[in-house]
Amino acid sequence: MSKPKIAIVVGSTRAARFADVPTQWIAKIAKTRADIDVEIVDLRDWPLPFFDEVASSAWAPSQNEVAQRWQKKVAEFDGFIFTAAEYNHAPTGVLKNAIDYAANEWNKKPAGFVGYGSVGGARAVEQLRLIAVELQMAPVKSAVHIAWGDFLAVRQGEKKLEDIEHLNQAAAALINDVAWWAKVLKAARAADAIAGEAQAA
Ligand SMILES: Cc1cc2nc3c(=O)[nH]c(=O)nc-3n(C[C@H](O)[C@H](O)[C@H](O)COP(=O)(O)O)c2cc1C
């Protein structure tokens, strides 16, 4: 079986975003692993409108062309690491909208989070875990939380994420969890597909 493909989804899009810093850091660490393929998926490249379909794509095919391409993109991956900015104690609207614009393509795949903010994006991450469950994803235990002291020091250029040992350890644990679940669930989805084909024959 081929290596699992892991997307690092950049969950905020504003011009002055901090998201690029944790994205590049986690991608660099993830890319050192030989057992997974890693790709950055930047929501800036996916100009989805605010959700405007007759139903979730689980129930009715989406009409919007970007949405159709987005669903195909999500389907390419076996697992996801989302950068989780926290806006008013919640995930960003742009990330929730992008999540809503796919459905089955998220199913039975792991989701991990790199949160940042005053409490390391913990409130946004916890909400994203609940959303992930509704999408039949497997949200993993390990997470990165870049909390206020580290967040400010990195944003002000006083520190680099690479030099903060507890965050490097958290990143390794997160990637381990996502890679493990991605492998297991990829094999299980493949077994389901074979069983489905045998039943149809
Ligand atoms: C609209 C808005 C609401 C915010 N609310 C919170 C919050 O509830 N908790 C928090 O820790 N940080 C909050 N912040 C600060 C963000 O953590 C900080 O701006 C961070 O850089 C946002 O991620 P981004 O730069 O990738 O957009 C908020 C920022 C914005 C723009």
Side-chain angles (χ1 to χ4, degrees), residues 6-31 38-52 66-67 69-70 73-74 77 79-102 106 109-135 137 139-175 177-178:
I6 307 298
I8 296 176
V9 180
V10 190
S12 54
T13 53
R14 68 193 180 98
R17 72 182 178 188
F18 176 73
D20 297 294
V21 176
T23 298
Q24 293 304 325
W25 167 74
I26 197 81
K28 193 170 166 195
I29 299 172
K31 283 178 181 177
V38 177
E39 182 179 325
I40 293 172
V41 175
D42 191 339
L43 295 184
R44 279 185 184 162
D45 298 330
W46 296 90
L48 295 157
F50 280 126
F51 192 90
D52 189 21
V66 184
R69 283 196 293 112
W70 172 243
K73 189 70 193 168
V74 173
F77 295 101
F80 302 87
I81 294 174
F82 299 90
T83 67
E86 184 171 293
Y87 291 177
N88 296 314
H89 292 198
T92 62
V94 74
L95 177 56
K96 178 60 166 56
N97 193 52
I99 291 172
D100 291 341
Y101 258 116
W106 301 113
K109 298 175 182 177
F113 304 97
V114 177
Y116 49 90
S118 59
V119 293
R123 294 163 294 217
V125 167
E126 288 302 297
Q127 292 191 34
L128 285 163
R129 286 198 166 109
L130 294 175
I131 294 163
V133 169
E134 175 58 14
L135 289 160
M137 301 183 84
V140 302
K141 176 191 183 291
S142 302
V144 173
H145 293 287
I146 306 167
W148 206 236
D150 290 331
F151 171 74
L152 284 182
V154 172
R155 208 176 58 176
Q156 286 159 11
E158 293 160 9
K159 277 189 189 172
K160 289 191 165 156
L161 290 174
E162 287 78 353
D163 300 329
I164 305 175
E165 197 39 42
H166 72 99
L167 292 179
N168 285 320
Q169 283 172 11
L174 165 65
I175 295 162
D177 276 9
V178 171

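Numbers here simply count residues along the sequence, with the first being 1. Atoms within a ligand are numbered from 1 in the order they appear, just like the ligands themselves.
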_E126 bridged to R129 by N-O distance under 4.0 Å_ = yes
Below 3.5 Å, can you tabulate the donor-acceptor pairs from side chains in residues 14-25 to any protein atom, sequence neighbours excluded?
{"from": "R14", "atom 1": "NE", "to": "Y87", "atom 2": "OH", "distance (Å)": "3.4"}
{"from": "R17", "atom 1": "NE", "to": "D20", "atom 2": "OD1", "distance (Å)": "3.3"}
{"from": "R17", "atom 1": "NE", "to": "D20", "atom 2": "OD2", "distance (Å)": "2.9"}
{"from": "R17", "atom 1": "NH1", "to": "S12", "atom 2": "O", "distance (Å)": "2.7"}
{"from": "R17", "atom 1": "NH1", "to": "D42", "atom 2": "OD1", "distance (Å)": "3.0"}
{"from": "R17", "atom 1": "NH2", "to": "D20", "atom 2": "OD1", "distance (Å)": "2.8"}
{"from": "R17", "atom 1": "NH2", "to": "D42", "atom 2": "OD2", "distance (Å)": "2.7"}
{"from": "T23", "atom 1": "OG1", "to": "A19", "atom 2": "O", "distance (Å)": "2.7"}
{"from": "W25", "atom 1": "NE1", "to": "N168", "atom 2": "OD1", "distance (Å)": "3.1"}

Indicate every side-chain donor-acceptor pair of residues 149-165 with a distance under 3.5 Å to a residue at least two apart or in another chain.
{"from": "D150", "atom 1": "OD1", "to": "K159", "atom 2": "NZ", "distance (Å)": "3.2"}
{"from": "D150", "atom 1": "OD2", "to": "H166", "atom 2": "NE2", "distance (Å)": "2.8"}

Anything under 3.5 Å between a donor and an acceptor, one on a side chain of residues 140-148, the other on a protein residue two or more places apart or in another chain? List them.
{"from": "S142", "atom 1": "OG", "to": "D177", "atom 2": "OD2", "distance (Å)": "2.9"}
{"from": "H145", "atom 1": "ND1", "to": "G120", "atom 2": "O", "distance (Å)": "2.8"}

Those residues with a heavy-atom separation under 4.0 Å from ligand 1 are S12, R14, R17, F18, A19, A85, E86, Y87, N88, H89, Y116, G117, S118, R123, F151
(message) Any non-hydrogen side-chain atom of I81 less than 4.5 Å from a side-chain atom of V38?
(response) no
What orientation do F113 and F82 show, parallel under 30°, tilted 30 to 60°, or perpendicular over 60°?
parallel
